[in-house]
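Before anything else, here's the structure in question.
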Amino acid sequence: MFLAGSKCSVYFLKGTTPMTSTTGVRLGGLDNASLNQTADMFEITVFGDEYKKRVAGLKDYSISLSGIYLEQHDEIEVGDYVWIGIYMNGTENPGKQALCIVESVEYSADAGDKQTISMSLQGAGEPIQVLPART
């Protein structure tokens, strides 16, 4: 079974147009998928405060994907803009879709001829919450 985690499914679409329920391709072979969302922190402490005070600034995200190498992964190249759809709890539940730039792709093979791939992607806009639409 080609799922990241027990239920997670990952889809991709090259280009800057978001996926619909009829576009995008399921990425097979993955055994790890993560979406890391962050925000810049700005300290606004004033003289006399006992504790630091902070406010959130710009938000950002990155995505990491890894697993068994499949030929379909060759479609994703460094520098490409791609939409990644991640359904962490299965496609019957809401997920997130994010426009990304492919930052790095690493291919490796061990002595037992197990071929793997790891991809790092950086956010290129606001992620979209998507409703369950795939089966």
Side-chain angles (χ1 to χ4, degrees):
M1 185 175 263
F2 295 118
L3 297 176
S6 61
K7 291 185 176 184
C8 181
S9 293
V10 178
Y11 290 80
F12 89 100
L13 180 66
K14 266 188 157 180
T16 57
T17 302
M19 285 182 274
T20 68
S21 61
T22 60
T23 62
V25 175
R26 187 168 168 269
L27 280 176
L30 300 180
D31 57 22
N32 190 311
S34 65
L35 169 63
N36 181 26
Q37 296 179 290
T38 61
D40 293 335
M41 291 288 132
F42 297 102
E43 186 178 329
I44 58 167
T45 307
V46 296
F47 185 74
D49 287 345
E50 280 192 50
Y51 290 89
K52 289 183 178 183
K53 294 179 182 172
R54 294 180 178 89
V55 295
L58 291 174
K59 296 176 184 177
D60 197 9
Y61 61 91
S62 61
I63 294 176
S64 297
L65 305 171
S66 63
I68 303 298
Y69 167 77
L70 299 175
E71 286 184 17
Q72 79 170 155
H73 298 145
D74 290 337
E75 295 177 38
I76 302 172
E77 297 179 5
V78 172
D80 281 350
Y81 280 90
V82 296
W83 279 92
I84 299 290
I86 298 180
Y87 294 84
M88 294 302 283
N89 294 310
T91 56
E92 66 277 4
N93 294 298
K96 290 200 184 260
Q97 188 179 141
L99 178 62
C100 301
I101 300 172
V102 181
E103 178 180 34
S104 68
V105 179
E106 178 183 341
Y107 302 90
S108 63
D110 64 17
D113 205 27
K114 178 181 177 185
Q115 298 174 332
T116 59
I117 189 167
S118 297
M119 293 177 259
S120 294
L121 304 102
Q122 294 296 322
E126 184 176 353
I128 301 168
Q129 184 79 15
V130 290
L131 299 173
R134 299 192 176 272
T135 56

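Numbering of residues begins at 1 and proceeds along the displayed sequence. Note: hydrogens, waters and symmetry copies are ignored here, and every other heavy atom, side chains too, is used.
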For Glu43, does its backbone N or O pair with a side-chain atom of Lys52 as donor and acceptor, under 3.5 Å?
no
Heavy-atom closest contact (Val78 atom, Glu103 atom, distance)
CG1-O, 3.7 Å
Pro127 versus Gln37: any side-chain heavy-atom pair under 4.5 Å?
yes
Rounded distance [0.5 Å steps], CG in Asp60 versus OG1 in Thr38
4.5 Å
Keeping Gln97 on the side-chain end and Met19 on the backbone end, is there a donor-acceptor pair under 3.5 Å?
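At least one qualifying donor-acceptor pair exists.
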Distance in Å, Ser64 OG paired with Leu121 CG, rounded so as to fall on 0.5 Å steps
7.5 Å
So, taking the atom named CD in Gln122 and the one named OG in Ser104, what distance separates them when rounded to the nearest 0.5 Å?
8.5 Å
Separation between CD1 (Ile86) and CG (Leu30), nearest 0.5 Å, reads 9.5 Å
Taking side-chain hydrogen bond (donor to acceptor under 3.5 Å, both in side chains) as the test, write out the residues that go with Tyr61, two or more places apart.
none
Flag the pair Leu27 / Gln72 as yes when at least one side-chain heavy-atom distance between them is below 4.5 Å, and no otherwise.
yes
So which heavy atom on Val10 is nearest to which on Cys8, and how close?
CG2-SG, 4.1 Å
Does the side chain of Tyr87 come within less than 4.5 Å of Tyr11's, by heavy atoms?
yes
Can you tell me if His73 uses its side chain to pair, donor with acceptor, with the backbone of Gly28 under 3.5 Å?
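Such a contact is found between His73 side chain and Gly28 backbone.
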What heavy-atom pair brings Leu99 and Gly15 nearest, and what distance separates the two atoms?
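Where Leu99 meets Gly15 most closely, the heavy atoms are CD1-O, 3.7 Å.
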Out of curiosity, Ile84 CD1 to Cys100 SG, how far, rounded to the nearest 0.5 Å?
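Atom-to-atom, Ile84:CD1 and Cys100:SG are 5.5 Å apart.
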State, yes or no, whether a side-chain contact exists between Lys14 and Ile76 at a heavy-atom distance under 4.5 Å.
no
Between CG on residue Leu65 and CZ on residue Phe12, distance to nearest 0.5 Å
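One gets 11.0 Å once the value is rounded to the nearest 0.5 Å.
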With side chains defined as the heavy atoms from C-beta onward, is the minimum distance between Tyr107 and Ile117 less than 4.5 Å?
yes
